[in-house]
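The structure appears below as structure tokens.
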Amino acid sequence: MKFIKVNNYEELSRTAANFISAQVIVKPNCVLGLATGSTPIGTYKQLIKWYQKGDIDFSNVISINLDEYIGLKGDNEQSYRYFMNTNFFNHINISKDNTFVPSGISEDFDKECEEYDKMIKSFGGIDLQLLGIGVDGHIGFNEPSDVFEKNTHVVTLHKSTIDANSRFFSSPEEVPTKAITMGMTSIMQAKKILLIANGKNKEEILNKALFGPITPKIPASLLQLHSDITVIYSEE
Ligand code: GLP
């Protein structure tokens with residue numbers, strides 16, 4: 001594992017964006033696994049700037065997102081599809097048809113989950129997976145549990161996740177209680193993983209996840225077994 005400690009959020013965002021742009025330059029038709037949350041916003045902003053300068057071309061990139069809230073349509077401002085469009089995809093030359101976010105609306109979530117995994121496989125897996133980390137150690141929406149969930153699945157969100165994410169909603173009651181998330185297999189099969197964490201409140205869980213025992217009670221702890229993982233952390 002490569003651990004990079006940086007001085008502030010700006011540096012974290014620039015370093016992560018460098019990492020992602022290097023991937024896109026080396027393999028223009030790469031598959032990027034992308035994440036939501038407040039942490040990657042600066043990374044996306046930096047990538048947009050470099051795209052606008054003409055330094056990166058996303059026209060052949062495929063993106064696959066980790067998760068989505070159940071019950072929210074893609075045009076709902078709180079949905080992760082909306083987040084990705086407004087914070088990233090609308091500002092770069094990626095083809096929207098090549099951007100995948102699990103659907104939060106479905107008549108048959110078992111089928112939706114199965115198809116998401118098949119779709120990831122059909123692209124040959126993920127080249128670079130960007131991850132944030134939740135305060136309870138979740139990645140994507142893989143919440144602490146008795147087992148590592150392998151495949152894309154529907155999950156009931158834990159109270160700490162709902163509380164943490166309620167800052168994006170007008171009240172905690174509005175936060176959906178369920179989500180659909182990529183499972184640990186697709187994440188662990190990504191050729192490279194880039195985990196970014198920002199702020200003192202992430203320090204304890206980051207330490208436990210990266211240096212403590214590997215346990216499904218801290219889903220991110222499984223990342224210790226990945227052979228090509230870089231972690232960028234800023235205390236600020
Ligand atoms: C959400 C997302 C995760 C993200 C986490 C941390 O729960 N599903 O993918 O890593 O939030 O978010 P933040 O970066 O805002 O702390």
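All ligand and atom numbering here is 1-based and tracks the order in the structure. Quick note: numbers below take in every heavy atom, side chains included, and nothing from hydrogens, waters or symmetry partners. Position 1 is the first residue of the sequence; numbering continues from there. Everything numeric in this text was worked out from a predicted model, so none of it was measured.
Atom NZ of K202 sits about 14.0 Å away from atom CG of N207, to the nearest 0.5 Å.
D117 and T152 are linked by a side-chain donor-acceptor pair at a separation below 3.5 angstrom, with hydrogens and angles left out of the test. No hydrogens or angles considered: a donor-acceptor pair under 3.5 Å links the side chains of D136 and H138.
With E68 contributing its side chain and R81 its backbone, the two residues share a donor-acceptor pair below 3.5 Å.
The residues D127 and K27 are annotated as salt-bridged, a charged nitrogen and a carboxylate oxygen being separated by less than 4.0 angstrom.
Counting non-hydrogen atoms of other residues, nucleotides and ligands closer than 6.0 Å to CD of E204 gives a total of 12 or fewer.
A distance limit of 4.0 angstrom between heavy atoms and ligand 1 selects the residues T36, G37, S38, T39, D67, Y80, G132, I133, H138, G140, F141, N165, R167, K202.
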